[in-house]
Protein chains: 2
Amino acid sequence: MKKSWLVYGSLMGFLMIVLEVTHYKAVVKDIRIEIFGVVIGLMFMAMGIWLGMTWYKKKNNMEKYDPAKLGLSQRELEVLELLSQGYSNQEIADKLFVSLNTIKTHVSKIYQKLNAKRRTQAIQKARELALIAPSNG
Amino acid sequence: MKKSWLVYGSLMGFLMIVLEVTHYKAVVKDIRIEIFGVVIGLMFMAMGIWLGMTWYKKKNNMEKYDPAKLGLSQRELEVLELLSQGYSNQEIADKLFVSLNTIKTHVSKIYQKLNAKRRTQAIQKARELALIAPSNG
DNA sequence: TGCTAAATCACCCGAAAGGATGAAGGAAAA
DNA sequence: TTTTCCTTCATCCTTTCGGGTGATTTAGCA
């Protein structure tokens with residue numbers, strides 16, 4: 001949480017500096033004050049959204065951390081879900097905006113926790129344990 | 001069907017020969033006639049079971065040939081079932097007493113018919129189409 | 001009696017998956 | 001503050017998959 005506040009403070013400071021510079025240097029003196037206000041508003045909104053998502057993600061993560069899920073982390077459950085839907089590791093990586101290696105690591109840990117040797121076996125066990133969304137089966 | 005009768009006839013003939021030899025050579029003269037009868041009975045029973053299974057399999061195959069199953073043959077459905085249960089090609093081959101190459105051929109045709117690119121995708125589609133036994137999902 | 005489909009098996013080759021291991025940053029908990 | 005977990009990414013190496021192609025046997029169908 002300390003890191004979040006650090007980032008937030010830094011961004012605030014940076015914004016202040018930008019404000020001062022643009023104000024005194026009169027670089028944007030011909031830009032109407034309304035547009036300037038809108039830009040500042042959007043930047044703060046972006047920060048707010050980022051902060052909100054970060055905290056929500058954390059809260060959500062803790063809530064979903066269910067012992068019945070065999071210690072699978074939130075991210076692992078996400079990967080498992082896509083896995084069961086027939087996506088390849090590369091496709092999952094693209095969908096989650098991470099590298100192929102990262103997905104392979106997640107998948108390996110999923111196998112360990114589910115005691116599976118293959119992805120098809122992981123799907124089977126995940127179904128039995130209702131770890132993945134019930135589909136037409 | 002002609003092949004079945006050929007095999008059946010050959011086995012019958014072989015049995016006759018065995019009977020004659022064992023009888024006239026008196027190799028088993030000290031074996032009680034009851035035991036001999038039991039053995040003969042068991043052999044005929046084995047042949048009967050084999051014949052029955054062969055014919056039932058054929059009949060069953062024709063009955064199960066359902067257009068709703070997308071033209072998947074009986075064997076392909078068997079492989080698909082084991083596939084969805086998390087077995088590797090080698091394990092499926094061992095279970096069905098055929099070679100790995102045979103399973104790979106079946107699996108390839110399954111992919112073609114289900115329009116799948118991976119085995120996980122085949123499982124997903126098979127579930128949607130209820131081609132495989134409904135499990136805990 | 002040819003034609004067709006199913007089932008079996010083989011070989012080659014490239015792609016995907018999987019195992020082992022290490023590393024590094026962030027966050028929560030002790 | 002130290003420890004532990006999560007997430008991210010990497011490299012090396014082996015195994016499994018999957019595509020393409022061709023061949024054989026058997027049985028059913030026209």
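A note on names: the letters A, B, ... follow the listed sequences, proteins ahead of strands, and every chain is numbered from 1.
A donor-acceptor contact closer than 3.5 angstrom links the side chains of B/Thr102 and B/Ser99.
Proximity of B/Asn101 to the phosphate of C/dA10: a side-chain N or O atom is located under 4.0 Å from OP1 or OP2. For D/dC17, neither phosphate oxygen OP1 nor OP2 lies less than 4.0 angstrom from any side-chain nitrogen or oxygen of B/Arg118. Note on B/Tyr111: a side-chain N or O is less than 4.0 Å away from OP1 or OP2 of D/dG18. Applying the 4.0 Å criterion to OP1 and OP2 of C/dA20, one finds that A/Ser108 has every side-chain N and O outside that range. Applying the 4.0 Å criterion to OP1 and OP2 of C/dT8, one finds that B/Thr102 has every side-chain N and O outside that range. Under 4.0 angstrom from either OP1 or OP2 of C/dA17 there lies at least one side-chain N or O belonging to A/Asn89. Between B/Arg119 and D/dG18 there is a side-chain N or O to OP1 or OP2 distance below 4.0 Å. For B/His106, no side-chain nitrogen or oxygen approaches OP1 or OP2 of C/dA7 to under 4.0 Å.
Between A/Lys109 and A/Glu76, none of the side-chain N atoms (NZ, or NE/NH1/NH2) sits under 4.0 Å from a carboxylate O, so this pair counts as no salt bridge. By the 4.0 Å N-to-carboxylate-O rule, B/Glu91 lies close enough to A/Arg118 to be salt-bridged with it.
Summarising the geometry, the separation between NZ on A/Lys104 and P on C/dA20 is reported as 13 Å, rounded to the nearest angstrom. Between B/Gln121 atom CD and C/dA16 atom C1' there is a gap of 14 Å when expressed in whole angstrom units. A straight line from CD1 of B/Ile103 to P of D/dG18 spans 13 Å, rounded to a whole angstrom. For B/Asp94 and C/dC9, the CG to P distance is 12 Å, given to the nearest whole Å. Here the C1' atom of nucleotide C/dA17 and the CD1 atom of B/Ile123 are 14 Å apart, to the nearest Å. With rounding to whole Å, A/Gln74 atom CD is found 11 Å from D/dT8 atom P. For B/Leu96 and C/dA7, the CG to P distance is 11 Å, given to the nearest whole Å. Taking atom CG of residue A/Leu77 and atom P of nucleotide D/dC6, one finds them 11 Å apart after rounding to whole Å.
For the pair B/Gln90 and A/Glu76, nearest-nucleotide mapping onto DNA chain D gives the more 5' position to A/Glu76. Comparing A/Leu83 and A/Thr105 by the nucleotide of DNA chain C whose heavy atom lies nearest to each, the residue mapping closer to the 5' end is A/Leu83.
At least one donor-acceptor pair closer than 3.5 Å links the side chain of A/Tyr111 to the backbone N or O of A/Arg119. In terms of modelled atom types and a separation under 3.5 Å, the side chain of B/Arg127 and the main chain of B/Ile132 share no donor-acceptor contact. Between the side chain of B/Gln121 and the main chain of B/Lys117, a donor-acceptor pair closer than 3.5 Å is present. Proximity of a side-chain donor or acceptor of A/Lys125 to a complementary backbone N or O of A/Ala116 within less than 3.5 Å is not detected.
Taking only side-chain atoms of A/Ser73, from C-beta outward, the nucleotide of D/dC17, C/dG19, D/dT7 with the closest atom is D/dT7. Relative to the side chain of A/Ser99, the nucleotides D/dC9, C/dG19, C/dA7 differ in distance, and D/dC9 lies closest. Comparing D/dG18, C/dG18, D/dC17 by their nearest atom to the side chain of B/Ser88 picks out D/dC17. The side chain of B/Val98 has C/dC9 as its nearest neighbour among C/dC9, D/dT7, C/dC12.
Contacts of A/Lys109 with the nucleic acid, taken as non-hydrogen atoms under 4.0 Å apart, include base atoms.
Minimum heavy-atom separation, B/Leu83 to B/Ile92: N-CD1, 3.8 Å.
Rounded to 10°, the angle separating the first-five-pair axis and the last-five-pair axis of the helix from C/dT1-D/dA30 to C/dA30-D/dT1 equals 50°.
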